[in-house]
Amino acid sequence: MSDQQLNNLIKMLDQIIANNLHHGDDDKVTDVAADHLHKFWARSMKQRIIAYASESPAELSALARSTIAKLEAAPE
Amino acid sequence: MLHYYDPRTESYQPGKNRLNPDVDYGTPVSLSEELVSISVDGRDITVPEGTSVLRAAALAGINIPKLCASDNLEAFGSCRLCAVEIEGRRGYPASCTTPVAEGMAVTTQTGKLAKLRRNIMELYISDHPLDCLTCPANGNCELQDVAGAVGLREVRYGFDGENHLDAEIDDSNPYFSFDPSKCIVCSRCVRACDEVQGTFALTIEGRGFDSKVTASQNDPFMDSECVSCGACVQACPTSTLMEKSVIDAGQPEHSVVTTCAYCGVGCSFKAEMKGDQVVRMVPYKGGEANHGHSCVKGRFAFGYATHKDRIKEPMIRETINDPWQVVSWDEALAFSAKKLKGIQAEHGRESIGGITSSRCTNEETYLVQKLVRAAFGNNNTDTCARVCHSPTGYGLKTTLGESAGTQTFDSVMKADTIVVIGANPTDAHPVFGSLMRKRLRLGAKLIVIDPRRIDVIHTPHAAEGLHLPLRPGTNVAIVNALAHVIVTEGLEDQEFIHNRCDTEAYNAWRTFIAEARNSPEAMEAVTGVAADKVREAARMYAQADNGAIYYGLGVTEHSQGSTMVMGIANLALATGNIGKEGGGVNPLRGQNNVQGSCDMGSFPHELPGYQHVSDPAVRERFQAVWGVPIDNEPGLRIPNMFDAAIAGSFKALYVQGEDIAQSDPNTQHVESALRALDCLIVQDIFLNETAKFAHVLLPGSTFLEKNGTFTNAERRINRVRKVMEPIAGLEDWEVTMALSNALGYPMHYSHPSEIMDEIASLTPTFTGVNYDKLEQLGSIQWPCNDEYPEGTPTMHTVDFPIGKGRFAITEYLASEECASRRFPLLLTTGRILSQYNVGAQTRRTSNSDWHEEDLLELHPSDAELRGVKDGDWLGISSRVGHTVLRAKLSTRMLPGVVYTTFHHPSSGANVVTTDNSDWATNCPEYKVTAVQVEKVSQPSDWQRNFVDFNKRQQALLKPTMESGEDCHATALK
């Protein structure tokens, strides 16, 4: 996977979170963001962002990491 | 009593009432609910109050001669041929201008009337060429018909007197000629231009004998304000205004009603034919979307169907540097299937995908997504709606529960305030634009929220619209400001909110929107729109009895496109403008079948009917019919496919009827993705920009060559009917079916009606749709099911599919794409009237006479700063690319904003646009690109490369086109 693809995934995730901050506390925001990824992202995109979060968690925001953790934990 | 009569249903519905769209009833319908009974030649008839005697007679089956009257125009009373006698009244009143009165007894044929009519015809014919046998209208001329009907046998005045027979023909318009020597000055053309089209380009110049029809200030039609909609040509009762195609070919001998394949209005047309040759397209009065009106595209720009550039045979090649090799259908499909299977074997099931077409039929779109899901075994299907209205799907489903507009087009005639946001209906949806202008002339108020000053703002004979010229990228800020005014000034419809909306969501939204940071005053610095204007607009919308919002890609194609759609829905919910005529939320769809392609499950996360792939119950129903397991994970969207292709994990793509290389943003990124594919299969009518990167080229069929249905922007399912054989032997649905069979997943349909039956069996909003019902009703607006067996013109009248309407919080976030010192201007893109989308069709017609190149519009003050004059070459640079266009100075935009179209591939408009996208749907942010412009003297590097690449690809195609000129592909075995 190219850096460009990964960069786009991270950018998309950050955008999703930014547009859902109005939901209030971090838990709710990341619930909504994780649900969005679950509903709209392809399997390969989910797998890549989950893999990246485990490899380089420091590169992601806390909300992004939390969202990805919830996505990973969600049942298929 | 001859017949009943219900004005509310006075439209042609076979089997339901007796109005026939092929009959001209003389004057328009009266919508009065008061009924009046009269007798005409002894026949009793009851009609609505306000109906003309002429129309009442026509409804009773009695034809009174007429020349200046037509039922799409207000009565004019100039020709006097429709004179009648009315018991108890003196003289011979014109029946077109005489309204019915209770108990009236009308006589249409007496000796005196016959003499009067003959006298009138004598006068007309004394100044008319006697060339009927060589006249293009011969056999279809109202003047000729009336002369016959009144028994004209002589012209006592002779033909040597003063006349207009030497009047010069105006041939300037590419599609019709104007021969004033044949004009009877009935004014139908002038009134059609005024009343139907709303352009007011024509007038009667002079008085008495000197009266003549002129365009603008006595200009040639082509130089005038005429927009070539064809309404005047259709209205003309002689051959004064005549299609050149009829002059060349003669009168058509049969016709087929079908649906236009240009914009999302979905006009019905009669394709008038001679054998398998389309002589002309005439807008069909029975079409519920257009009621007999048309625009320059649908009316005249159909010649592309027989253009020499059509791809006539299947072709294959191993690499994009190889010449194309003409093969049989069987070989092409076997080659494609082998490639696709081989790639999946090597790179995995998810390494391939498909793109459905918003120009193809519902049935064809359904089959492509079925092919992807059932034969490819993944959900990697997407459609061009990704780059236009995907935020509409997301935003309206979230707030209203259904991914569609809420109204009919006709609903606008009951709107009191019309809000147009990021749409340009007179250019992009012209027939609806004319209807909107008609309503504006009747007094409806208009608010336009757009960076550009679009034409509808100044509608002749209507009040000037209120224009809010916002900065590109600030839609959400302004919709929040509007909502803030509505909430804080007590303009909400509390009863509607209480009864119809989710209370918790409403309370949360209300608290948010009432915050001072959302006020017009606070947002003024963001949007650039004066706060008092925003307050005025909010009041105009909220205080109207009926407020209707119409929006287009200027709403969706933003990083907050989905948020803005939800903001619009919030406005409609807050003011109770949902579930009634005259109100609603109305997305104006760009392409003919964008609505349908979305309905048919083109998106990677949804099966047909917007049913999510992760829902096991939904999948089970599809699996039971399709006989294969369906992946429960969404697939890749178009931009994700591009990224994956560049990354090497996505290797093959089947594209039906879309030109992603020209239409998608950041062209160089798209081209890199297409070059990275091992197998690109393009099914199209031309070698489009995408096909130049393809390995398989499958000939597509135009809308004239196939059966099926399109669904327009008002959810109206309309029949598409084949009028000529597909150029390469197969309709597009047959090609997809054959590809599926070649891949080993069997598809066996013998007609698109069978595909529709399958769609209906799996899609809850389509369960009542079938071809028999479409024939019976003419068209159907979904949902059509047990609850709404004849369809649903207005949605959400009682409840929402999600129960209660859900307000959504719409926090404004500035786009990342912002102006800077390096890129100080904001570029926004759009369309113009004569061209359509990527221009593949319209560029191959005379429509290019109006727009032969894309131009960069910029404000004179920005031009002055850069020393730019009209016509100068300008280099346009953004953060992702550079292109060169000619300058056009314009005050339509504010300083700081520039504008262009993307109809010509060599313009490279999308070389400049970025791949920033909507947060929820990845819909690209075409409408906001920070750019710099400067004078240059040569094309950009990309443009030079484009010219070279195009030349090379045309050369690789040329031998096949020459050999294929007279032959067709081997029929599929």
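For clarity, every value in this text was computed on a predicted model and none was experimentally measured. All values below were derived from every heavy atom in this structure, side-chain atoms included, with hydrogens, water molecules and symmetry-related copies excluded. Chain A is the first sequence line, chain B the second, and so forth, proteins listed ahead of strands; every chain is numbered from 1.
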Asks: Rounded to the nearest 0.5 Å, what's the gap from CD on Glu633(B) to NE2 on His38(A)? Could you check?
Replies: 6.5 Å
Asks: Evaluate whether atom CD of Glu504(B) has more than 12 neighbouring non-hydrogen atoms of other residues, nucleotides or ligands under 6.0 angstrom away.
Replies: no
Asks: Can you tell which part of Asp631(B) gets under 4.5 Å to a heavy atom of chain A, answering side chain, backbone, both or neither?
Replies: side chain
Asks: Taking atom CD of Glu816(B) as the centre, does the number of heavy atoms from other residues, nucleotides or ligands within less than 6.0 Å exceed 12?
Replies: no
Asks: Counting heavy-atom pairs closer than 4.5 Å to chain B, which one of His22(A), Met12(A), Lys11(A) comes out on top?
Replies: His22(A)
Asks: Is there a donor-acceptor contact under 3.5 Å from the side chain of Gln560(B) to the main chain of Asn19(A)?
Replies: no
Asks: Please check if atom CZ in Arg619(B) has more than 12 non-hydrogen atoms from other residues, nucleotides or ligands closer than 6.0 Å.
Replies: yes
Asks: From Leu813(B) CG over to Leu21(A) CG, what is the distance, rounded to the nearest 0.5 angstrom?
Replies: 7.5 Å
Asks: Does any heavy atom of chain A fall under 4.5 Å from the side chain of Tyr394(B), the backbone, both, or neither of them?
Replies: side chain
Asks: What is the distance from atom CD of Gln4(A) to atom OG of Ser672(B), rounded to the nearest 0.5 Å?
Replies: 8.0 Å
Asks: Look up atom CG in Asn640(B) and atom CG in Asn8(A), then write down how far apart they are to the nearest 0.5 Å.
Replies: 8.5 Å
Asks: Could you tell me which portion of Ala508(B) (side chain, backbone, both or neither) has an atom closer than 4.5 angstrom to a non-hydrogen atom of chain A?
Replies: neither
Asks: When rounded to the nearest 0.5 angstrom, what is the spacing between CZ in Phe40(A) and NE2 in His612(B)?
Replies: 5.5 Å
Asks: With the side chain counted from C-beta on, respond yes when Asn922(B) and Gln15(A) share a heavy-atom pair under 4.5 Å apart, and no when they do not.
Replies: no
Asks: If you round to the nearest 0.5 Å, how far is CG of Leu6(A) from CG of Asp643(B)?
Replies: 10.5 Å
Asks: Pick one of side chain, backbone, both or neither for Asn20(A), based on which atoms fall under 4.5 Å of a heavy atom in chain B.
Replies: side chain
Asks: Between His605(B) and Lys39(A), is any pair of side-chain heavy atoms under 4.5 Å apart?
Replies: no
Asks: Under 4.5 Å heavy-atom distance to chain A, tell me which part of Ser559(B) shows up: side chain, backbone, both or neither.
Replies: both
Asks: If you count heavy-atom pairs within less than 4.5 Å of chain A, which of Leu636(B), Asn379(B), Asn380(B), Thr810(B) leads?
Replies: Leu636(B)
Asks: Hey, which of His669(B), Glu811(B), Glu606(B) has the most heavy atom pairs under 4.5 Å with chain A?
Replies: His669(B)
Asks: Assign the ring pair Trp919(B) / His36(A) to parallel, tilted or perpendicular, where the plane angle (0 to 90°) is split at 30° and 60°.
Replies: tilted
